[in-house]
Amino acid sequence: MLQWSSRSPQHWHEFVNQEVCVSTGDQQRFEGRVFTVDPVSASVVLMSIQENKGPSVRVILGHTVTDVQILSRGTEETERQMESVFLPDRAQILSVDELKSRRESLRLWLEKNRVPVTEDGEVLCVANALTISAPYRPGDCSSSNEIILARIQSLVESNPGAEPLPETSQ
């Protein structure tokens, strides 16, 4: 039998969003829904969402995993619940259409300012040096080049087509 850490990422991906029981070499068992499996270490990230306590996340190191059994299949609703734990609060309050509109507005603004921009799904890619994720604010820009990052953040902030996001309590 092939060990967990020796399996392929495609095999691990089959467990994402499934409720599982993970057994380890020291005879411990952990139950939860698989959020992801790290492709380098084979570590399993389990999430449990309890109504009274909220979400809890546990990482089981890949080298300790001896067996993973699926207890129940995930649904689109369980996937949405897990993703909502990691999304910024403001991104959760916008509809798909509102996010699409914000992305399109920002893309047009960047093009108007002669900034090379492409779309990769829901992410804007600027000059192969920076990405902008939903909900497309200056803080949603990511780049290892601080000069490019600062300049694009300034441009994003000056976008006249961007409607302000509703405030949320934090």
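Checked against the 6.0 Å centroid threshold, W4 and F15 count as a close aromatic pair.
Across every non-hydrogen atom of A42 and S5, the tightest pair is CB-CA, 3.7 Å. Residues W12 and D38 come closest through the heavy atom pair CZ3-O, 4.0 Å. In this structure, D120 and C125 approach most closely via the heavy-atom pair CB-SG, 3.8 Å. Here the shortest heavy-atom pairing between L110 and V126 reads CD1-CG2, 4.0 Å. Pairing each heavy atom of S43 with each of V59, the nearest pair is CB-CG1, 4.0 Å. Pairing each heavy atom of I132 with each of C141, the nearest pair is CG1-SG, 3.8 Å.
No side-chain heavy atom of E19 sits less than 4.5 Å from a side-chain heavy atom of I70. Residues S105 and R102 are not in side-chain contact: their nearest non-hydrogen atoms beyond the backbone lie 4.5 Å or more apart. In this structure, the side chains of T64 and L61 come closer than 4.5 Å at one or more pairs of heavy atoms. Taking the side chain as every heavy atom from C-beta outward, R33 and S48 never approach each other to under 4.5 Å. Residues S23 and F30 have side chains not in contact (no heavy-atom distance under 4.5 Å, counting atoms from C-beta outward).
Expressed to the nearest 0.5 Å, how far CD1 of I152 lies from OG1 of T131 amounts to 11.5 Å. Here the CZ atom belonging to R107 is positioned 14.0 Å from the NZ atom belonging to K112, to the nearest 0.5 angstrom. For the atom pair CG of L130 and OG of S144, the computed distance is 9.0 Å after rounding to the nearest 0.5 Å. Considering OG1 of T36 and CE of M82, their distance stands at 9.0 Å, rounded to 0.5 Å.
No more than 12 heavy atoms of other residues, nucleotides or ligands sit less than 6.0 Å from atom CZ of R151. In the displayed structure, H11 atom NE2 is contacted under 6.0 Å by more than 12 heavy atoms of other residues, nucleotides or ligands. By the neighbour-count criterion of 12 heavy atoms within 6.0 Å, atom CD of E77 is densely surrounded, having more than that number from other residues, nucleotides or ligands.
Taking a cutoff of 4.0 Å between a charged side-chain nitrogen and a carboxylate oxygen, R103 and E122 do not qualify as a salt bridge. Taking 4.0 Å as the cut-off between side-chain N and carboxylate O, R137 and D140 count as a salt-bridged pair. Look at E104 and K100 and you find no salt bridge, because none of the NZ, NE, NH1 or NH2 atoms lies under 4.0 Å from a carboxylate O.
The side-chain contact (heavy atoms from CB on, under 4.5 Å) with V34 is formed by just one residue from the set I60, V22, L46; it is L46. Exactly one of V45, V57, V16, V44 qualifies for a side-chain contact (heavy atoms from CB on, under 4.5 Å) with F35. That residue is V45.
Of the N and O atoms on the side chains of S143 and N145, not one donor lies less than 3.5 Å from an acceptor on the other residue. Judged by distance alone, the side chains of D67 and Q69 do bring a donor and an acceptor atom under 3.5 Å apart. Looking only at atom types and distance, the side chain of N17 has a donor-acceptor partner in the side chain of T78 under 3.5 Å away.
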Item to check | Evaluation steps, side-chain contact (heavy atoms from CB on, under 4.5 Å), between S6 and Q3 | outcome: CA-CA 5 Å; S6 301; Q3 288 187 355; 4.1 Å; yes
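Between the side chain of Q18 and the backbone N or O of G74, at least one donor-acceptor pair lies under 3.5 Å.
V123 and L155 are members of different hydrophobic clusters when ILVMFWY side chains are connected at heavy-atom separations under 4.5 Å. Hydrophobic clustering (side-chain heavy atoms under 4.5 Å, transitive across Ile, Leu, Val, Met, Phe, Trp, Tyr) keeps V37 apart from M47.
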